[in-house]
> 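For reference, the structure I am asking about is given below.
Residue numbers start from 1 in every chain, and the chains themselves are labelled A, B, ... in the order their sequence lines are given, proteins ahead of strands.
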There are 2 protein chains.
Amino acid sequence: MAELRPVFYISDGTGITAETIGHSLLTQFTDTEFIAERISFVDSVERAKEAVCRIRAAAQTHGVRPVVINSCMDPAVSETLAESDALMLDVFAPFIEPLERELGQSRMREVGRAHAIVDFDTYHRRINAMNYALTHDDGISVDYDDAEVILVAVSRAGKTPSCVYLALQYGIRAANYPLTEEDLEHDRLPARLRASREKLFGLTIDPQRLHQIRQERRPNSHYAKLETCKREVAAAEALFRAERIPTLSTTNTSIEEIASKVMSTLRIRREMF
Amino acid sequence: MAELRPVFYISDGTGITAETIGHSLLTQFTDTEFIAERISFVDSVERAKEAVCRIRAAAQTHGVRPVVINSCMDPAVSETLAESDALMLDVFAPFIEPLERELGQSRMREVGRAHAIVDFDTYHRRINAMNYALTHDDGISVDYDDAEVILVAVSRAGKTPSCVYLALQYGIRAANYPLTEEDLEHDRLPARLRASREKLFGLTIDPQRLHQIRQERRPNSHYAKLETCKREVAAAEALFRAERIPTLSTTNTSIEEIASKVMSTLRIRREMF
C-alpha cells in the first residue's frame with residue numbers, strides 16, 4: 001500500500017500558484033498517496049499560527065512529517081509556518097534572487113497579486129470571452145465575425161469544455177460549430193463556415209468513447225448507437241482532411257492540452273490569467 | 001518608460017505550470033514590461049533547438065537577455081535550452097532533491113503529466129461538473145439535489161463565470177440562482193432554495209459597477225438603470241443578512257478569489273486540476 005503523506009498548499013492569496021506547482025511536483029512521486037489541503041488567504045502571523053496548528057494535527061494523525069508548499073510573500077508569515085516542522089518548500093524563494101540580480105530591481109512584497117484583479121479591462125475582456133463562449137455554443141449564435149477560433153466537431157466530442165476553457169484561462173473568444181448529420185452528407189464545409197476558414201480547428205474522437213459519452217446522455221437512442229458514432233466520426237474526419245482543417249483527437253487529450261494545441265496551431269498568442 | 005524583457009515559458013506539456021509560477025514571479029517586478037511567449041510540447045532535443053533559435057532571435061530584437069521559465073523534465077532538453085544564454089529558471093529543480101530525500105524515492109521522469117488526463121474517472125467528473133454548471137445556470141434547471149454549492153445573486157453579479165470556474169478548475173457541481181424582482185420583495189429565501197440552505201453562497205456587487213455591466217448588455221433599459229441596480233443590490237444584501245447566508249462582493253474580486261472563498265467558507269475540499 002502507498003504511504004499516506006499530508007500536503008498543505010499555503011498562500012496569502014488564492015493558493016493557485018502553490019497548488020499548480022505542488023501538483024506538478026507531486027505527480028512525479030507515485031509511491032506516495034498525498035492528502036492535500038489548501039489554506040488560502042494566510043496574510044498575517046495570526047492566520048499562519050492557525051495553519052501551524054492544522055499542520056501539526058495532520059502530522060499527529062498520520063504519524064509522518066507533512067509537506068508544506070508555501071507561496072506567502074511576508075517573511076514573518078513564512079517563519080511562523082516553519083515552526084510546524086514540516087518540509088517547507090517555498091515556491092518563489094529560489095527564483096527571486098536570480099531575477100532581482102538580472103533585472104536590477106527588488107521585488108514588490110504585495111500579497112496575493114497573481115490571481116487578483118490587477119487590471120479591470122483585462123478582467124472584463126476575460127469575462128466577456130466566457131459569455132461569448134456560452135452564447136456561441138453549439139451553433140446557438142451563428143455570427144462568427146468576432147470569433148478568434150471556431151471548434152468544429154460532431155456532438156459530444158469536447159467542443160464546449162474546450163471553448164469555455166480557452167475563454168476562462170486565456171480570454172480567447174472561442175465559438176463552436178456542431179456538425180449535423182446533414183453537414184456530414186457532403187465532403188465540403190457548411191456554407192456558414194466558409195468565410196471563417198482560417199479560424200477553424202477540428203476535434204475528433206474515438207467512436208467507441210463517443211458512444212459511451214452519448215449513451216450517458218441519451219441511453220439507447222439512435223444518436224448514441226455505436227454505428228451512428230462510427231459513421232459521424234468517419235465523415236467528420238473525411239471533411240477535415242478534404243478541407244485541410246487542423247485536427248486533434250480529444251480521446252486522450254485534456255482540455256488544457258487541447259487549448260495549448262489550438263493556440264499553437266492557429267498562432268494565437270495570449271497570456272494565461 | 002519600463003524596460004522591455006522577453007520571457008519564454010517552455011514546457012514538455014501544456015506549459016501551464018511554468019506560466020503560472022512565472023506569471024506570479026513576474027508580477028512582483030513592476031519596473032519591467034515582460035513580453036511573454038509560450039513554447040509548449042518541447043519534448044525532444046530537436047524541438048529544444050527550435051526554441052533556442054526563437055530565444056536568440058528575441059535577444060537580438062530587444063537587445064537584452066531573455067528570461068526562460070522552464071518546466072521540461074528531460075535533462076538533455078534543459079541542457080539544450082541553456083545554450084540560448086538566457087537566464088534559466090527551472091521551476092522544478094530546487095524542489096526535487098528535498099522531496100526525494102524526504103519521501104525516500106526518486107521522481108519519475110515522465111513528461112507532461114501535470115495537465116494530461118491521468119485518470120479518466122476524475123477527468124469525466126470534471127467535464128460533467130462543467131455540463132452541470134451550464135445546465136444549472138440562471139435557474140434553467142431547478143433541481144438542486146446534486147449541487148455542492150448554489151451561488152445566489154441578482155442578475156450580472158458574477159454567478160455564471162464563478163460557477164463555470166468552480167466546475168472547470170475543481171470539478172465542483174456549482175448551480176446558480178438569480179434573484180428576481182419578485183424574490184426581492186420579500187426578506188425571506190425563495191421557497192425553492194430553503195431545502196438547500198447549507199449550500200447557499202451570496203454574491204453582491206457595487207451598484208455602480210452593476211449598472212455599467214448591465215448598460216453594456218441592455219443599454220438604457222429599466223434593468224440597467226442605476227436606481228434599479230441600487231434597489232436590487234440593497235434588497236439582496238438585506239435578504240442575505242436576514243437569512244445569514246455567507247456573502248462576498250465581486251466588485252474587486254476575481255473568479256479565482258471567489259472560488260477560493262466559496263470553498264473555504266462552505267468547507268468544500270477539492271484539489272485543483
> Checking Ile16(B) against chain A: side chain, backbone, both or neither under 4.5 Å from a heavy atom?
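Contact with chain A: backbone and side chain both.
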> Side chain, backbone, both or neither: which part of Ile96(A) has an atom under 4.5 Å from a heavy atom of chain B?
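Both backbone and side chain of Ile96(A) come within 4.5 Å of chain B.
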> What part of Asp90(B) gets within 4.5 angstrom of chain A, counting heavy atoms only: side chain, backbone, both, or neither?
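Backbone of Asp90(B) only, per the 4.5 Å heavy-atom cut-off to chain A.
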> Name the region of Arg217(B), side chain, backbone, both or neither, that has any atom closer than 4.5 Å to a heavy atom of chain A.
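For Arg217(B), there is no contact with chain A at all, as no heavy atom is under 4.5 Å.
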> What part of Ser40(A) gets closer than 4.5 Å to chain B, counting heavy atoms only: side chain, backbone, both or neither?
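Side chain only.
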> Side chains of Leu103(A) and Asp31(B): closer than 4.5 Å at any heavy-atom pair?
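Side-chain contact under 4.5 Å: no.
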> Mind checking salt bridge (charged side-chain N to carboxylate O under 4.0 Å, His left out) for Glu100(B) and listing every partner two or more places apart, or none if nothing turns up?
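Here no residue qualifies.
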> With respect to chain A, which residue among Leu99(B), Thr253(B), Thr160(B) yields the maximal number of heavy-atom pairs within a distance under 4.5 Å?
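Heavy-atom pairs under 4.5 Å are most numerous for Leu99(B).
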> Please flag which part of Met272(B) lies under 4.5 Å from any non-hydrogen atom of chain A: side chain, backbone, both or neither.
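Backbone plus side chain of Met272(B), per the 4.5 Å heavy-atom cut-off to chain A.
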> Using a distance-only test with no angle check, is there a side-chain donor-acceptor pair under 3.5 angstrom linking Glu216(B) and His124(A)?
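There is such a pair between these side chains.
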> One thing to verify: whether Arg5(B) and Glu102(A) come together as a salt bridge, which I'm taking to mean a side-chain N less than 4.0 angstrom from a carboxylate O.
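Counted as a salt bridge, because a side-chain N and a carboxylate O are separated by less than 4.0 Å.
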> Can you tell me which portion of Ser71(B) sits under 4.5 Å from chain A's heavy atoms? Options are side chain, backbone, both or neither.
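Contact with chain A is absent: no heavy atom of Ser71(B) under 4.5 Å.
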> Is there a side-chain contact between Phe34(B) and Glu271(A) in this structure, where contact means two heavy atoms from C-beta onward sitting under 4.5 Å apart?
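SC-SC contact between Phe34(B) and Glu271(A) ruled out.
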> Using a cut-off of 6.0 Å, state whether more than 12 heavy atoms not belonging to Glu33(B) lie near its atom CD.
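Open.
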> Considering only heavy atoms, which portion of Leu25(A) lies under 4.5 Å from any heavy atom of chain B: side chain, backbone, both, or neither?
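Contact with chain B involves both backbone and side-chain atoms of Leu25(A).
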> Report the distance from atom CZ of Arg38(B) to atom CZ of Arg269(A), rounding to the nearest 0.5 Å.
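Answer rounded to 0.5 Å: 10.0 Å.
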> Checking heavy atoms, do the side chain of Leu168(B), its backbone, both or neither come under 4.5 Å from chain A?
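The side chain, not the backbone.
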> Side chain, backbone, both or neither: which part of Ser162(A) has an atom under 4.5 Å from a heavy atom of chain B?
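Ser162(A) has no heavy atom closer than 4.5 Å to chain B.
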> Just verifying a value: how many Å separate Tyr165(A) OH and Gln169(B) CD, rounded to the nearest 0.5 Å?
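These two atoms lie 6.5 Å from each other.
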> Could you pull out the closest heavy-atom pair between Phe95(A) and Val91(B), with the gap in Å?
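Looking at all heavy atoms of both residues, the closest pair is CZ-CA, 3.7 Å.
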> Is there a donor-acceptor pair under 3.5 Å between the side chain of Tyr123(B) and the backbone N or O of Ile255(A)?
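At least one qualifying donor-acceptor pair exists.
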> Please state whether the side chain, the backbone, both or neither of Pro94(A) comes within less than 4.5 Å of a heavy atom of chain B.
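Contact with chain B is through the side chain of Pro94(A) alone.
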> Which is it for Arg126(A) and Glu256(B) under the salt bridge (Lys or Arg N to Asp or Glu O under 4.0 Å) test, yes or no, and what are the steps along the way?
CA-CA 12 Å; Arg126(A) 174 189 195 189; Glu256(B) 284 84 354; 2.7 Å; yes
> Check Glu257(A) against Phe41(B) and note the closest heavy-atom contact, atom names and distance.
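Taking every non-hydrogen atom into account, O-CZ, 4.1 Å.
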> Answer with yes or no whether the side chains of Ser260(B) and Thr14(A) bring together a donor and an acceptor at under 3.5 Å.
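Distance-only check fails for Thr14(A) and Ser260(B).
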> Let's test your reading of the structure: which of Gln105(B), Met130(B), Glu19(B) forms the most heavy-atom pairs below 4.5 Å with chain A?
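Ranked by contacts with chain A, first place is Gln105(B).
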> Would you mind telling me which of Ile213(B), Leu89(B), Leu26(B) has the largest number of heavy-atom pairs within less than 4.5 Å of chain A?
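The residue among Ile213(B), Leu89(B), Leu26(B) with the greatest pair count is Leu89(B).
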